[in-house]
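Everything below concerns the one structure shown next.
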Amino acid sequence: MSSNTVDTDQMDSQLTTSGETAEDIEDAWSDYQFQGEAKLSVEDLDVYYGDEQAIQSVSMNIPEESVTALIGPSGCGKSTFLRCLNRMNDRISSARVEGSVEFDGENIYGGRTNLVELRKRIGMVFQAPNPFPKSIKDNISYGPRKHGDLETGLLPSLLGRDDTAEEMDLVERCLKQAALWDEVNDRLDDNALGLSGGQQQRLCIARCLAVDPDVILMDEPASALDPIATAKIEDLIEQLAEEYTVVVVTHNMQQAARISDQTAVFLTGGELVEYDDTEKIFENPESQRVDDYITGKFG
Amino acid sequence: MSNATETELRAGHSTLGRQVALPVLGLAFLTFLATWATTFQWIDETRTVLGMTVLTLFGVALLLMAAGVAGIGVLSRFGFLDTTPSPTAGLPVGIVFGTLWAFIGMAVSLQYIGNTIVYWGPIAFVLGAVGLLTATLPREDIGSTVPSAVLLAVLGGLIVAGVLDATWVYEAEWTGAIFPGSELIPLLVSVATLLGVWSAGKAKEGFGAQGREVGAFYIIGTVVFSMLSVLALLIWFIVKNGLDTFLTGASLTGGHLNVPFASISFPFIEVPFVTNVTGSLFVETPGVMPAVVGTLWLVFGAVLFAVPLGVGAAVFLTEYADQGRFTQVVEVATNGLWSTPSIVFGLFGLAFLVPRISGGNSIFVGQLVLGFMLLPLVLITSWESIKAVPDEYRDASAALGVSKWQTIRSVVIPAAMPGTITGVILGVGRIAGETAPLLLVFGGAPYPSKSPNVVGQFSFSTEPPFITNQALLEPASALPYQLYATITAGVFPRPEIYSNQEFGWGTALVLLLVVLGLYAIGVASRLYFRRKLHYE
Ligand SMILES: Nc1ncnc2c1ncn2[C@@H]1O[C@H](COP(=O)(O)OP(=O)(O)OP(=O)(O)O)[C@@H](O)[C@H]1O
Ligand SMILES: [Mg+2]
């Protein structure tokens, strides 16, 4: 708690010495205008874990059909922020969220949000791979099945509605998109826990795609992958951005620079320091602290 | 790595130690078996083998073991064997030997000097101290061989010298009990051989860390072996006594397997004792079929009642209820319920359920009472296994837009299934053999002349309770109940065919088979769910 305040103070003094004030920075990017419509707009978002504040009044608009990267040092609240966007923070009993997040113009923190429906439309890939202890195939068809989009088995086939063929198509398409098909197509009925960590992570991405959400939130999707698989995932993300809105947390600066259209930089204490076109952030950031962080001097 | 090469290098030298230690181990193990065979009277202790009585043979074996163990220890101490002993055998070993010697001192002086602490106290103390010091002070190779060798030698010597023989009686003043030598000596010898096993095991690996590990391994191995033997013995005992009854009139092809809905029948195994009814005057071989059917219905009903309720409660307590005081209280209460004596459940059934449901003993009340007994175990085990399901699965499912209830059904419960089934297996093992509550709420004629026809007696109506089943509301017989009636009251009605004893053993064997069968079903289904959950 108290260390948090001290940290902020230190940062402030750092800011002042580098000749900037908080307001300057605020002004510099707060009128950031991207092209296209805002898919998600976050307004004055605060998140507390118990008494500890993890996100400090963050406001930002996330445009549709693009890749938005969230970067920042470990523990600065990137995952927390991401979880606010599909209300996964509701599942942490100590977490408290204030402010508003509008999804297609509707406040998801307003009165009667249907969380199940919301999460169908805003999918998420977690920082640590978490496949179900089921077969690879069942992992992918799990979501659609539960939503009633796929019906297989004895009863549906008796009723003349058997989607086995559709299921196989879906599995193949999603696995191909997640660059996993070639490695697992001969063992779709094997348990997913038998895959390597990187394969599990790609399976989780495929599982998320199978639900066909509008927005995909990814928390360091490539952190457990080798360079080849990482390149495949990066391709996938860029390709997804043609149809979907992608928000991706990453620790890898080059990756953010390569794949994202706009980048938001969070710094310790959970504040959003700068948010702009990716090129601008990496070439000519407004804030000295962001520059220091990107060049590796600070953070 | 260096350790392994060292052992290899040394192997040439320590061959002698191994060559002595291995026969000692073998001899100790055989003696151990023989002592138990004697205790169970399969070997008569007065029998002569190789010109000696069995007891003398034990004495000789102990002397040989003592010589072997002490030999290795001494040779190692004076550098003739290449071993790696520690400076001392350690305090725990010292305490064990000290206690042993103190106990021996006490037992001997109580017998031969008198029941006065002034005598046995100092003797026990001195011997204990000697045991402790001889085990801990010298280097490990002496400390862990010589004390046990001395014990083996003293016991062996006394037996061979004829001081301890079958006619000797331990009859100390402090207790009214008398222990005849024919029973006590095998027990003493078996304890002594355990010491021999331990010392020889250590010596075989040249003492040191590796020796300690192997010594412990042999001791534990012997104990595990004895435990399995006791289990095997129990089963063997029942099979031996029950098999004759069980196989009365049995044949491999005498029976008929009728194909349903077709008038074909194949020759089949015939076991009339299992398939016949008990009480009718017209059956040639009275059987236990009604009791088997009764037991199976009881177990089936209890499982049907307890499993959905237990799992449902566990789901509610983990997934929906706030974790806190309330769940703690439920947990304590559940554990208490599981430890409640079964006769108390029976009494509850008798006082509360019987008058309200059937007005007399009935299968249905029996099922309910056993179900109540099973419920807490199912609740506890499924609760624990649902708690153990990682939250990541729940998060992953929620993030896919799947509702909580669907998540529980398709992810949480399957992942918790193996643990739940373990609980059901344990519980079914208990209730299938339960007798006390059945006496109060379930049992009718112990030897019925027909099996309860539950399946055929369902009748439906348009008024509450909509479904009734007359068979479930009538008393029946179950295997443990029938066994109890046969053994205690001795009322088996056809003494010209089976004596009470014979019929009882036969029933016990069938009960054992039924329980093992239920166990097998449980284990198989657990395996099925595990396979589904893990990559195997
Ligand atoms: N479940 C929780 N309960 C309490 N505090 C939490 C919880 N999750 C995160 N925090 C705290 O919130 C702050 C932000 O955490 P968060 O996981 O969002 O960081 P992050 O930026 O994702 O870090 P990383 O890059 O290491 O993943 C941290 O100080 C962390 O200790
Ligand atoms: Mg994180």
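Chain letters run A, B, ... following the sequence lines, proteins first, then strands; residues in each count from 1.
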Of the non-hydrogen atoms in [X] and [Y], which two are nearest, and what is the gap between them?
{"X": "L193(A)", "Y": "L533(B)", "value": "CD1-O, 3.8 Å"}
{"X": "K134(A)", "Y": "S410(B)", "value": "NZ-O, 2.6 Å"}
{"X": "A398(B)", "Y": "R91(A)", "value": "CB-NH1, 3.6 Å"}
{"X": "Y393(B)", "Y": "F132(A)", "value": "O-CE2, 3.3 Å"}
{"X": "Y142(A)", "Y": "S397(B)", "value": "OH-OG, 2.7 Å"}

Query raised in the report: What salt bridge (charged side-chain N to carboxylate O under 4.0 Å, His left out) pairs are there with at least one residue in residues 92-107 of chain A, not counting sequence neighbours?
Result: K39(A)-D104(A), R96(A)-E98(A), D104(A)-R121(A)
Within 6.0 angstrom of [X] [atom1], more than 12 heavy atoms from elsewhere:
{"X": "F305(B)", "atom1": "CZ", "answer": "yes"}
{"X": "D322(B)", "atom1": "CG", "answer": "no"}
{"X": "Y519(B)", "atom1": "OH", "answer": "no"}

**Report entry** Side chain to side chain, L400(B) and R207(A), heavy atoms closer than 4.5 Å
**Finding:** yes
Which answer fits [X], side chain, backbone, both or neither, if we ask what part of it has an atom under 4.5 Å from a heavy atom of chain B?
{"X": "P131(A)", "value": "backbone"}
{"X": "M124(A)", "value": "both"}
{"X": "I122(A)", "value": "backbone"}

Query raised in the report: Counting N and O atoms only, with roles assigned by atom type, does the side chain of Q406(B) sit under 3.5 Å from a partner on the main chain of K146(A), one being a donor and the other an acceptor?
Result: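 Side chain of Q406(B) to backbone of K146(A), a donor-acceptor pair under 3.5 Å: yes, one is there.
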Report task. Taking N191(A) for its side chain and K532(B) for its backbone only, find out whether a donor-acceptor pair lies under 3.5 Å. Result -> yes
Query raised in the report: About how many Å separate CG of D395(B) and CD1 of I92(A), when rounded to the nearest 0.5 Å?
Result: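 That separation rounds to 7.5 Å.
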Query raised in the report: At what distance, to the nearest 0.5 angstrom, does CZ of R119(A) lie from OG of S403(B)?
Result: 11.0 Å
